[in-house]
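Structure first, commentary second.
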Amino acid sequence: MKEEYHLLIQIPRGTYDVLPEDSEVWQKIEETARKVCALFNYKEIRTPIFESTDLFQRGVGDTTDIVQKEMYNFKDRGERSLTLRPEGTASVVRSFVEHKLFGLPNQPAKLYYIGPMFRYERPQSGRTRQFTQFGVEVLGSKDPSVDAEIIALAMTFYKTLGLKKLKLVLNSLGDPESRAAHHEALIAHFKPSIGEFCEDCRNRLEKNPLRILDCKKDHDHPLMKTAPSIIDFLTEPARDYFEKVKGILDEMGIAYELDPTLVRGLDYYNHTTFEIMGSSKGAITTLTGGGRYNGLVSELGGPETPGVGFALSIERLLLALEVENISLKSETSLDCFIAAIGEEAGRKAAVILNELRQAGLRADKDYMDRKVKAQFKQADRDRSGFVIVIGDEELQAQAAKVRNMADGSQEEVAFTELADYLKAKIN
RNA sequence: GCGAUUAUGGUGAAGUGGUUAACACACCGGAUUGUGGUUCCGGCAUGCGUGGGUUCGAUCCCCACUAAUCGCCCCA
C-alpha cells in the first residue's frame, strides 16, 4: 500500500494547489476584483489560456525574456505552434481586433480579466510557473485621465482588501521619437567606459541600454547617476501628456514617486509606465505593473488604437497580505449539527438534515460512525450554533433535543418544528 | 540557465553506523449509562524523498536523481 505513494505523480514544478482551507480567500479576492471593476464600469473578457505562439512573439516582443526563454509552447496534433499565455494583454488585444470591438458604440472598451498565466521560470518566493493575474485594459482612448483611472482602480482594489504599505512608482517612456533619442544618448553615455561594467550590461548596451539602469551589480557606478534620463528626451507632446497624468493623480490625492529608471520588461510600452510596490517577506516587490501601449493594436493588425492597462499578481498580493497581517478568512460556521445515536436515528438524521437544508439552514451531521461525545466535538470544530440530538427517546417522542452551543441551554423540539425553531433562534 | 540550503508520521520537529526512531500539536478511544470547548489516561512511522554504492550492518557515510525553500537573471 504505502509503496504506491512513491509511485504517485506529483504536482508539476512551480505549481500549487489551493486547498479548501484557502480557497475561501481566493474567492474573496476575486469577488473584490469584480466589485471594484463594477464600480469603475469595466466588463470581464475571457480569452483562451493558450494562443498562437505568434501572438506573443509579435505582441510581447521577440527580444523579451518572456518570449526568449519563458514560454510554454507546444505543437498540437495539427502541428500548430501554441503557447500557454504568459500574460494577458496580447490576448485581449487579439480578441479586440478579431471581434472588431473597435466598431462598437461603447468606446473606449474597458475590460478586465482574472486567470492563470504561465511562465517557465525557476520557482521562488512570489514566482511560480502558473500564477494568477487580475488585469485591466482600456482600448480606444488616449485621454490621460484613463491612465490615472486604472491606477486608481488598482489602488482601490488593494485598499479594499486592507493593504496599506503601497508605493506607486511612475515614469514615462515617451513616444517612439523620445525613446529613440534617449536610446542613442544612453549608448553614447556608456560606450566609452562599458568595459567597467558587468557582462550583462555589456550585452545590454546595443540591444537595450535602458536595462543597464536597472542593473543591481553596477548600481553604484558613477556613470549611473549621470546617465541621461528619459524625462529629458521626451518630446513636447509626450512631456505634456505625462504632466497631465501626474496632474490628475495629484488632484485625486494619489501619491506617487517618480522613477526615471523604471523600465518595464515588455516591448509594447510607451508613455506612462507604473508599478505598485508592496512588501513581501521583508523585501519590497512589484505587486502590479502596467502602462500605456499605443502601438500594440495596430501591431496586431487592428486600426491605430491607443491602449493602457495593468496586471497584478494574486500570489504576490497574498504575500503582501501576509506581511501586513491581514486575514480574509471569515468565521465559517454551521447553523446546526445533528448528533445521532443508533442506526435508526442515523437514518432519521439524514432525512431531517435534508429538510433543514431545504429550509435554508447550513447543516451537517457525522458520517464517521462517531460516538456522541465525538459528534459534539465535530460540531465544535465546525463552529455550529446548535446541535440536534436524536436517539431512541427522541424517535419515540418525535421530538429532538436542541442544544445551544453558546450557552449550553437545551430544549425539546418536535421534529416537524425544527427548521422553524432554528430559524427563529438564529435571527 | 546559475548558485546555496534542505528532504524523518497528518503537522512542527529531536535523533543515532547496530535489539522497541524522542517530544509536541492534531486525530481516535477511555475516565460507568446518550452531550462539546478544561483536565487525566491510552492509541497512533515494520519507517526516516527515490535509486544506487561503502559496510558484517545505514534513517544516520558517499554518489546520482527528484523535489522544496531562498538568492541571481528577469518579472506579476
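Note that the structure is a prediction, hence the values are computed from the model and not measured. Each chain gets a letter, A, B and so on, in the order the sequences are listed, and its residues count up from 1.
At a cut-off of 3.5 Å, with distance as the only test, a side-chain donor of D143(A) or S145(A) sits close to an acceptor on the other residue. Looking at Y367(A) and Q378(A), their side chains never bring a donor and an acceptor atom within 3.5 Å of each other. Y241(A) and D147(A) are linked by a side-chain donor-acceptor pair at a separation below 3.5 angstrom, with hydrogens and angles left out of the test.
Comparing A68(B) with A76(B), their P atoms sit 23 Å apart, to the nearest whole Å. Rounded to the nearest Å, the gap between the C1' atom of G47(B) and that of A22(B) is 15 Å. A gap of 46 Å separates the C1' atoms of G15(B) and U33(B), to the nearest Å. Taking the C1' atoms as reference points, C61(B) lies 22 Å from A4(B), given to the whole Å. To the nearest whole angstrom, the two C1' atoms, one in U20(B) and one in C25(B), are 24 Å apart. A gap of 31 Å separates the P atoms of C2(B) and C48(B), to the nearest Å. Rounded to whole Å, the separation between the P atoms of C73(B) and G10(B) comes to 39 Å.
Stem regions for RNA chain B, each three or more consecutive Watson-Crick or G-U pairs with both distances under 3.5 Å and listed by first number, read B:1-7 with B:66-72, B:10-12 with B:23-25, B:27-31 with B:39-43, B:49-53 with B:61-65.
Annotation for E322(A): atom CD does not count as buried by contact number, only 12 or fewer foreign heavy atoms lying within 6.0 Å. Heavy atoms of other residues, nucleotides or ligands lying less than 6.0 angstrom from CD of E343(A) number 12 at most.
Under the rule for a ring pair (Phe, Tyr, Trp, His ring centres under 6.0 Å), the partners of Y120(A) that lie at least two apart in sequence or sit in another chain are Y72(A).
Residue I314(A) is out of contact with every strand shown, counting any heavy-atom pair closer than 4.0 Å. Contacts of A379(A) with the nucleic acid, taken as non-hydrogen atoms under 4.0 Å apart, are absent.
Judged by distance alone with a 3.5 Å cut-off, no donor-acceptor contact links the side chain of R13(A) to the base of A68(B).
A distance-only check finds a donor-acceptor pair linking the side chain of T128(A) to the backbone of Q130(A) [under 3.5 Å].
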Step-by-step salt bridge (Lys or Arg N to Asp or Glu O under 4.0 Å) determination, R58(A) to E299(A): CA-CA 7 Å; R58(A) 295 190 62 132; E299(A) 172 68 26; 3.7 Å; yes

For residues 150-159 of chain A, dump all side-chain donor-acceptor pairs below 3.5 Å to protein atoms at least two apart in sequence or in another chain.
{"residue": "T156(A)", "atom": "OG1", "partner": "A152(A)", "partner atom": "O", "Å": "2.6"}
{"residue": "Y158(A)", "atom": "OH", "partner": "T288(A)", "partner atom": "OG1", "Å": "2.5"}

What pairs of donor and acceptor atoms, side-chain ones from residues 16-23 of chain A against any protein atom, are under 3.5 angstrom apart with sequence neighbours left out?
{"residue": "Y16(A)", "atom": "OH", "partner": "E315(A)", "partner atom": "OE2", "Å": "2.4"}
{"residue": "S23(A)", "atom": "OG", "partner": "P20(A)", "partner atom": "O", "Å": "3.1"}

Nucleic acid footprint by protein, nucleotides 28-37 of chain B - heavy-atom cut-off 4.0 Å, B for base, S for sugar-phosphate alone: SSSB--BBBB

Are any protein N/O atoms closer than 3.5 Å to N/O atoms in nucleotides 1-6 of chain B? If there are, list each pair with its distance.
{"residue": "C2(B)", "atom": "N4", "partner": "R122(A)", "partner atom": "NH1", "Å": "2.6"}

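A sub-4.0 Å separation between OP1 or OP2 of C70(B) and a side-chain N or O of S125(A) is present.
A salt bridge does not link E87(A) to R119(A): none of the charged side-chain nitrogens sits closer than 4.0 Å to a carboxylate oxygen.
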